[in-house]
Amino acid sequence: MRRPTLLPALLLAIGVLSCAATAASAKTFLDVQIGWGDKVRLGRWNPIFVTASDDKTRQVRVEVEVAQGGPTVLRLHQDLTIGPVPTTVALHAPCRVGYGERPSVTLRDGNTGKTLARWPPDGAQVYQSFDTVVQSQHHFIGVCGPNDRLDRMVTASGIAAEHGGLPIDRLPDAVVGYDALDLLVLRRADLNRIDPDRQRAVADWVRAGGCLLVIPPDVPVPADGPLAEILPCRVGQPRDYPLTADQRKRYGLGERYKGLRGFALTPASGAEPLPLLAEPNGETDVLAYGRDVGFGRVVVAPVDVSELDFNDTEGGKTLFKALLAGTGLIDDADPKQNRSYSYGLDAVSQRQGSATGLLEDHLGNVPGAGRFGFSYVAWVVLGMMVLVGPVDWFVLKRLGRQPWTWVTTAGWVGAVTVGALYIGHVFKSGDLHYRTVSLIDQAGGQVVARSTLAGLYSPRTTTYHVDAAPTGVGEDGKPVPTRQPPSGWWDPAAAGEQYYRSSGLKVDTLFHQTLDGNLPDAMTVNVWNLRFLRGETFVPGDPVIRAELRLTGAPDGDATRVEGTVTNLSGLTLTEVRVRVGDRYVSVAAAGAERPHPMTSGGAHPRISPWPVAVDRLPAGATVAVNGALVGPSVVSDDDPAGHPTQFRGATPPAPTGTVSELAPELSGRRSARADEATRSGRYALVYATVADAKPDAVLREPGAIERHEAVVRALVPVRGPDTRPVGDSK
């Protein structure tokens with residue numbers, strides 16, 4: 001009688017084993033590569049290439065977790081479809097912590113949420129190596145082409161730099177994919193194979209402060225397209241560039257360099273000739289061409305300079321100093337100067353992080369903000385002592401249940417904890433505040449980028465939605481939020497001093513990434529807490545300012561003046577208009593008038609006086625004349641109690657004084673550095689202005705917030721020299 005009952009059980013076991021075998025045979029593949037040639041720049045956005053496949057076609061979600069310094073963790077996700085053929089998707093994330101903090105990637109089923117694969121795989125050795133992190137004192141050069149190595153070029157140039165390569169099909173199609181680079185070299189890369197989206201990303205990155213070096217390929221270079229529009233010349237037919245014995249000797253080239261095979265270059269309007277391999281008298285046929293484009297710079301070389309072998313190290317440095325002039329890569333500092341190398345943030349990121357921290361203090365200065373002080377903790381501890389001690393003891397003794405003490409103690413602790421969380425969710429303490437500070441960068445007659453720091457103060461524990469793509473205007477005059485199309489690349493704002501603090505509870509900030517941006521998802525903010533987000537957009541826009549300026553006198557002389565006009569092209573009022581040339585600002589004070597009054601020194605360090613204002617108020621559509629002398633800031637120190645101003649001769653620009661108009665331009669450390677590079681020679685001027693009644697780049701969906709939005713415009717404009725000819729031209 002038992003034999004028939006064994007058959008169903010046996011069949012059931014076979015079915016279970018068959019299903020298990022089928023499940024085991026379904027394999028999911030996941031591989032991840034981070035950065036340019038596996039090199040990562042801390043403090044910058046880096047590309048993350050995720051390759052996945054599965055035995056069957058399915059919807060999946062890619063989740064990336066990246067530590068941001070301090071307690072903050074960025075979590076982003078993107079949905080896609082995978083199948084038997086491997087699919088590669090490029091994601092982007094800012095990497096801010098190096099040692100032991102490598103990003104992690106999880107692949108989940110799009111329908112069930114089940115984990116399909118992880119990277120690094122479970123049980124893999126924890127990443128604790130600096131091999132892929134670019135040193136903070138090094139420049140980082142990205143290269144794309146048949147040979148993605150630049151060893152000879154980096155060695156010959158004498159530049160403290162590292163390089164990493166990507167193939168053409170992996171060039172990022174988002175501007176932030178190039179954020180880690182100081183220079184992009186398209187080395188004999190077939191530009192016809194770079195699709196328009198990737199070309200546009202490179203062009204927008206250059207306008208926003210990137211530098212591009214093009215070494216032409218053997219195939220024809222396209223005459224139109226986003227890249228062709230920014231090139232300083234047209235690439236023609238192949239040609240030979242003969243070299244004389246004097247040229248070879250001067251640059252330390254071997255006898256085998258009788259000539260170089262290259263291409264004929266025809267300069268475009270505004271191109272700057274860059275003589276290479278010149279004779280002792282300065283003459284040469286080897287001419288590269290460069291041009292400033294927005295905040296960035298593009299250079300085209302007629303020959304493949306990356307393959308030259310120099311017997312004399314000074315020869316290579318001389319050539320690349322001429323070729324890369326104006327890119328910021330040539331270090332004129334004393335080569336004997338002692339350099340300390342580290343794997344933290346580079347100077348640009350440190351500069352941006354310092355300003356971000358000060359602006360976070362500015363946005364977080366909320367009147368009436370609550371905080372958990374020592375008194376709260378003390379009262380809670382005293383209350384627990386009373387409840388768990390005498391009260392609990394007397395009640396249990398009266399009930400004859402004293403052994404229950406271990407249960408009631410845990411119960412009181414749980415009740416107090418749950419009650420505190422419930423109070424944080426239900427009761428409101430203070431007002432909801434939402435504030436932003438934005439930087440609008442303009443160059444070449446158009447807005448090229450916008451940077452925004454947003455701060456939110458939560459009076460109770462709840463969920464908030466920051467919409468980073470406002471379009472249209474509602475009945476109340478505020479932008480109407482929409483999720484399509486996404487706008488901007490957002491991440492948790494982290495000040496420089498937070499990068500190295502990773503202890504404590506983690507704060508997850510969720511984002512949804514698409515091809516167009518990285519948008520914040522719903523976020524829960526606890527009672528009496530602040531949350532900061534930083535966003536950047538690279539969509540070209542109409543100019544805010546038009547300036548026609550002319551220098552009179554020597555650019556570095558004390559009698560130098562700036563004359564011209566500034567026009568407000570926006571529909572909003574501009575205030576505190578400042579004009580800067582080099583490290584000095586235009587002062588319209590009358591001759592012999594008192595210098596700007598220094599700020600009060602409150603400590604051991606000197607304080608810098610506010611920069612002089614050329615125009616106090618500039619209404620929409622108005623034009624105002626500017627005529628003033630260039631003056632430097634003054635400082636007052638504790639050693640000079642009388643407050644007599646002395647000329648500041650420190651770094652350019654000086655340390656921030658703390659006002660929004662001076663701090664906001666540092667929200668983009670890259671463009672600040674590029675602006676310094678552009679204005680040092682007097683070829684360009686910078687016009688700063690504060691926007692009255694600024695509109696936010698991201699809106700808070702929850703109603704009832706007390707809002708304050710500030711914006712600063714920074715316009716890079718060409719300046720005419722004393723002979724009235726333009727000495728700077730930003731395309």
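Predicted model, so just to flag it, every value in this text is computed and none were measured.
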According to side-chain hydrogen bond (donor to acceptor under 3.5 Å, both in side chains), who are the partners of T327, at least two apart in sequence or on a separate chain?
none
Just by distance, with hydrogens left out, do E702 and H465 show a side-chain donor and acceptor under 3.5 Å apart?
yes
Check: G225 main-chain N/O paired with Q199 side-chain donor or acceptor under 3.5 Å:
no
So does P665 get a backbone contact from the side chain of R714, meaning a donor-acceptor N/O pair under 3.5 Å?
yes
One should read off an interatomic distance between T679 OG1 and R580 CZ, to the nearest 0.5 angstrom, of 4.0 Å
Please tell me whether R546 and T565 have a donor and an acceptor in their side chains that are separated by less than 3.5 angstrom.
no
Other residues, nucleotides and ligands only: do more than 12 of their heavy atoms fall within 6.0 Å of CZ on R170?
yes
Suppose we screen for ring pair (Phe, Tyr, Trp, His ring centres under 6.0 Å). Which residues come up paired with W490, at least two apart in sequence or across chains?
none
Start with the C-alpha distance between C233 and R291, add both sets of side-chain angles, then the distance that settles side-chain contact (heavy atoms from CB on, under 4.5 Å), and finish with yes or no.
CA-CA 9 Å; C233 59; R291 182 168 69 177; over 6 Å; no
Taking R200 first and then D173, would you say they form a salt bridge - that is, a charged N and a carboxylate O separated by under 4.0 Å?
no
Pair E707, H709: side-chain N/O donor-acceptor within cut-off below 3.5 Å:
yes
In terms of heavy-atom contacts, R578 and P612 come closest through CG-O, 3.4 Å
Show, in sequence, the C-alpha distance, side-chain angles and deciding distance for C211 and D182, and conclude whether the side-chain contact (heavy atoms from CB on, under 4.5 Å) test is met.
CA-CA 7 Å; C211 294; D182 297 307; over 6 Å; no
Does the T514 side chain pair with the main chain of D516, one donor and one acceptor, at a distance under 3.5 Å?
yes
Could you tell me the separation between the OG atom of S587 and the CG atom of L630, rounded to the nearest 0.5 Å?
9.5 Å
Between T567 and L569 (side chain of the first, backbone of the second, donor and acceptor by atom type, cut-off under 3.5 Å), is there such a pair?
no
State whether the number of non-hydrogen atoms from other residues, nucleotides or ligands found under 6.0 Å of E548 atom CD is greater than 12.
no
Do the side-chain N and O atoms of N46 and R41 include a donor-acceptor pair separated by under 3.5 angstrom?
no
With a 4.5 Å cut-off on side-chain heavy atoms, are V299 and L212 touching?
no
Would you mind reporting whether R207 and I230 have side-chain heavy atoms less than 4.5 Å apart?
yes
If we ignore hydrogens and angles and just use 3.5 Å, is the side chain of W489 paired with the main-chain N or O of V175 as donor and acceptor?
no
What's the shortest heavy-atom distance between G290 and L274, and which atoms?
N-CD1, 3.9 Å
Can any side-chain N or O of R670 pair as donor or acceptor with the backbone N or O of D179 at less than 3.5 Å?
yes
So does D441 pair up with R450, basic N to acidic O under 4.0 Å?
no
Does the pair E536 and R671 meet the rule for a salt bridge (Lys or Arg N to Asp or Glu O under 4.0 Å), with working shown?
CA-CA 12 Å; E536 198 157 20; R671 288 190 291 281; 2.7 Å; yes
Is any NZ, NE, NH1 or NH2 atom of the basic residue among E710 and R708 found under 4.0 Å from an Asp or Glu carboxylate oxygen of the other?
yes
So CG of D292 and CZ of R683: to nearest 0.5 Å the spacing works out to 5.0 Å
Measuring from atom OH of Y464 to atom CG of L456, what distance do you get when rounded to the nearest 0.5 angstrom?
6.0 Å
Going from CG on L667 to OG1 on T356, what distance comes out if it is rounded to the nearest 0.5 angstrom?
5.5 Å
Please answer whether the main-chain N or O of L363 pairs with a side-chain N or O of R435 as donor and acceptor at a distance below 3.5 Å.
yes
The reported gap from CD1 in I159 to NE2 in H139 (rounded to nearest 0.5 angstrom) is 7.0 Å
Full working for side-chain contact (heavy atoms from CB on, under 4.5 Å) between I545 and V566
CA-CA 7 Å; I545 290 173; V566 177; 3.9 Å; yes
Is a donor on one side and an acceptor on the other found under 3.5 Å between the side chain of R198 and the backbone of L171?
yes
Can you name the nearest heavy-atom pair linking A664 to V712, along with the distance?
CB-CG2, 3.7 Å
For R193, all residues meeting side chain to side chain contact (heavy atoms under 4.5 Å, CB included), sequence neighbours excluded
I168, D190
Derivation of the side-chain contact (heavy atoms from CB on, under 4.5 Å) call for D697 and T537
CA-CA 9 Å; D697 289 335; T537 58; 5.6 Å; no
Is there a donor-acceptor contact under 3.5 Å from the side chain of W205 to the main chain of Y178?
yes
With distance as the sole test, does Q350 use its side chain to make a donor-acceptor pair with the main-chain N or O of L345 at under 3.5 Å?
yes
Nearest heavy atoms of P172 and L166, plus distance in Å
CD-CD1, 4.2 Å
Minimum-distance pair of heavy atoms, taken over all atoms of A698 and A468
CB-CA, 3.9 Å
Side-chain donor-acceptor pair under 3.5 Å between T452 and S438, yes or no?
yes
